[in-house]
Number of protein chains: 2
Amino acid sequence: MSTIGNSQKGRKRRPRSHARPSAAAAALQGLRGARMTDVANLAKVSAMTVSRALRHPAIVDPETLKRIHGAIEATGYLPNRIAGSLASQRSNIVGLIVPSLRNSLFAETVKGVADTLGDAYDLLIADSGYVLDREEAAVAAFLSQRVCGIVLHNTKHTPRTRRMIQSAAIPCVETGNLVRCPIDMAASFSNHKAAYDMTAYLIGKGYKRIAFVSLPLDDNDRARERQSGYLGALKAHRRAIDRNIILESAPGLRGGAEALIELMKKRPRIDAVFLTGDVLATGALLEANRKGWRVPDDIAIAGSDDNELQEYVSPPLTSVRFPRYDIGCTAASMLLKRIDGVPSAERVVDLGFQIIPRAST
Amino acid sequence: MSTIGNSQKGRKRRPRSHARPSAAAAALQGLRGARMTDVANLAKVSAMTVSRALRHPAIVDPETLKRIHGAIEATGYLPNRIAGSLASQRSNIVGLIVPSLRNSLFAETVKGVADTLGDAYDLLIADSGYVLDREEAAVAAFLSQRVCGIVLHNTKHTPRTRRMIQSAAIPCVETGNLVRCPIDMAASFSNHKAAYDMTAYLIGKGYKRIAFVSLPLDDNDRARERQSGYLGALKAHRRAIDRNIILESAPGLRGGAEALIELMKKRPRIDAVFLTGDVLATGALLEANRKGWRVPDDIAIAGSDDNELQEYVSPPLTSVRFPRYDIGCTAASMLLKRIDGVPSAERVVDLGFQIIPRAST
DNA sequence: GCATTTTATGTTAGCGTTAACATTAGAGGG
DNA sequence: CCCTCTAATGTTAACGCTAACATAAAATGC
């Protein structure tokens, strides 16, 4: 037998009629959507060698590798990860669910996750609209898609959500709040402690009647935790709790502005207000400026979720800074470690927070 | 032959060792990750009937359907879309690439796409960091994942990006700018016309020396178009063009603030400035307030990409409003139509924009 | 120099689903 | 009462890739 390689076999018949959307262009341009065997034929190796060239190049002969890469170029081959995932029983897609895609808060965490995952993984994103059943639906969709890991911003879930993730046995990180008992893992900060510390800071500054404004509490564990932190700090410092100066507000600048107006109308004696969540504090401050109320002399305003805007308004806002980007990075790297089989050091990672005192208090 | 069904066959041997990550829990809890055949055995039908029950319930006997749904419940079966996509040669994943995940501008469009896609499709998101090669890499990754459609915010691409999408022959919508010659389709507004109109509006208001600030132009077709719109309006109104009052600025509130300071230092005679992109205009306004420059008497300020904040600052900012959410919705529905084989009405859809005059000009 | 290991590649079978075709039982028609 | 037609379900063979095992040739050891 001579050393002449196998003759080019050409593409085998494809009995199934749906095989290719046979556009005229396909016929003209030649093959569209080359498969691994096409590359293999061109490079005169078996499909398996092509697979190895892509996944474990170190164990393939450099000469062969070169031929294969040439063939990949020539055919415009793009590996089919659907087939790859099915065969190897693992995917390279991570799923991420946030309460709202609109809110730039979450965007920070998303960015951290995306940056840390890098090129090797893709990111599937869904939006629960702050509704637990929609989170459940998104989790089901992700698990159907066989994601290799899940990041959830919310930490309150339906029982079925927990059950599905646990029985899928894939890594999962919750990022919205430092929960004591995660589905699997958590990377976050304590919303309770953050609100507690900010309230204590205001008390320390000498404010006597401190109002509290947050987003609606239902299905929102973060807002709930923050309110309880505020209440805890008042109790610890033996301050009276006045339910009339604890508000749930609509989101947005307008929500914060309206909350401040309502508070000032009802209880003119309050001397400080802590607005937590979204951009409420900024809305309140802009409204105070518009009304001519002096901040902090007439009313002190403190916010949370520090951002460039809070730093740039006048007076700049006292706020709590949360390491949202880091949380995303940490969440992703916890996921990756688990996927790579590294024994998990900690299930719950506290990234902390920082009170930033500025001129508004 | 009696009517007794086949005996339960039980799960066949799985010779391949990687088949299941055999955790102790799996043994205890019973089967983990039921497959379609498991459901089929339990419901005493073939796998194909289960497949039909999920995909074309109308052609399955109601009684059978009930049994199958019972079996799905009992087994906790979640369809494996990887296998389904491979077999059916189509996926239900749409890919979306934005220049930055952090920027809440893009978040609006993302939300529009996500809302319109609904539950039937999943959304894969990547971030190009304003770098064309990263966009190309993301497109390659998406095509490997065999997405059924792509939305690109950017409208400038590497040749390979265009080629890959075109030869993959999947629908694609570009959303960042109303491009005359899209890869496939486009849904957007004209950045050129928006800047032209705003500049003309300022001229109409009687401003004589109008400065222009945008984000850096390289690889950013939007900024480029806007600058050319500004220049076009000046020319059309026979105004002199002064390159000294055309700036490229860093992003963020700080970028806008610094741009305003630089302009006022260099050319005190300017009477208006149009800052387009990101939050530049808001940064400039806040800086003017801080410096005690009266807006619009000392300097008029106009922005773009109207949002709640521009409406809430004092004085509220004149701005251009872009229908970003609608763009996302339209882009997604164009994609869906094409996926469903509806003959495409238009390849390029102009969603327009709106000049919002307020007290800052 | 021959057994043994290493290196490079090939072969086979299956991942879990679905398209296409096959089959079966019962309904309708004359 | 036989024939055709429809409705419901089953059977088979892919989809494009990769794990596991098989093989062949080259390198190594004693």
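Predicted model only: the values in this text are computed from it and were never measured.
- At whole-Å resolution of the value, CG in B:L86 and C1' in C:dG14 are 12 Å apart.
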Please list, pair by pair, any protein nitrogen or oxygen found under 3.5 Å from a nitrogen or oxygen in nucleotides 24-26 of chain C.
none

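- Straight-line distance from the CD1 atom of B:I59 to the C1' atom of D:dT6: 13 Å, rounded to whole Å.
- Salt bridge A:R81/A:D122: absent, no basic N to carboxylate O contact under 4.0 Å.
- One can place CG of B:L78 at 14 Å from C1' of C:dG16, the figure rounded to the nearest angstrom.
- Note on B:S85: nothing from the nucleic acid sits closer than 4.0 angstrom, heavy atoms only.
- Look at B:Q89 and you won't find any side-chain N or O under 4.0 angstrom from OP1 or OP2 of D:dA14.
- Side-chain nitrogen and oxygen atoms of B:T64 include at least one within less than 4.0 Å of the OP1 or OP2 phosphate oxygen of D:dT9.
- At whole-Å resolution of the value, CD1 in B:I72 and P in C:dT17 are 11 Å apart.
- Look at B:K337 and B:D340 and you find no salt bridge, because none of the NZ, NE, NH1 or NH2 atoms lies under 4.0 Å from a carboxylate O.
- Atom-to-atom, CZ of B:R90 to P of C:dT18 comes out at 9 Å; the value is rounded to the nearest Å.
- Side chains of A:H153 and A:E174: no donor on one and acceptor on the other come within 3.5 Å.
- The phosphate of C:dG10 (OP1 or OP2) has a side-chain N or O of A:S46 nearer than 4.0 angstrom.
- Only A:M48, A:T49, A:R52, listed by number, bring a heavy atom of residues 48-57 of chain A to less than 4.0 angstrom from any atom of DNA chain C.
- The only member of A:D115, A:I125, A:L101 that meets side chain to side chain contact (heavy atoms under 4.5 Å, CB included) when paired with A:V110 is A:I125.
- Contact annotation: the side chain of A:V113 never approaches that of A:T175 to less than 4.5 Å [non-hydrogen atoms, C-beta and beyond].
- Listed candidates were D:dA8, D:dT18, C:dT17. Nearest to the side chain of B:D61 is D:dA8.
- A:I82 places its CD1 atom 10 Å from the C1' atom of D:dG16, with the value rounded to the nearest Å.
- Side-chain nitrogen and oxygen atoms of B:R35 include none within less than 4.0 Å of the OP1 or OP2 phosphate oxygen of C:dG14.
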Next on the checklist: Set out, in order, the CA-CA distance, both residues' side-chain angles and the distance that settles side chain to side chain contact (heavy atoms under 4.5 Å, CB included) for A:T158 and A:E135, then state yes or no.
Outcome noted: CA-CA 8 Å; A:T158 66; A:E135 182 186 74; over 6 Å; no
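- Here A:R146 lies out of heavy-atom contact (under 4.0 Å) with every strand.
- Residues A:S91 and B:I82 approach most closely at CB-CD1, 4.4 Å, considering heavy atoms.
- At whole-Å resolution of the value, CD1 in B:I68 and P in C:dT17 are 13 Å apart.
- In this structure, A:P171 and A:D184 approach most closely via the heavy-atom pair CA-OD2, 3.2 Å.
- In terms of heavy atoms, A:A53 sits closest to A:L65 at CB-CD1, 3.5 Å.
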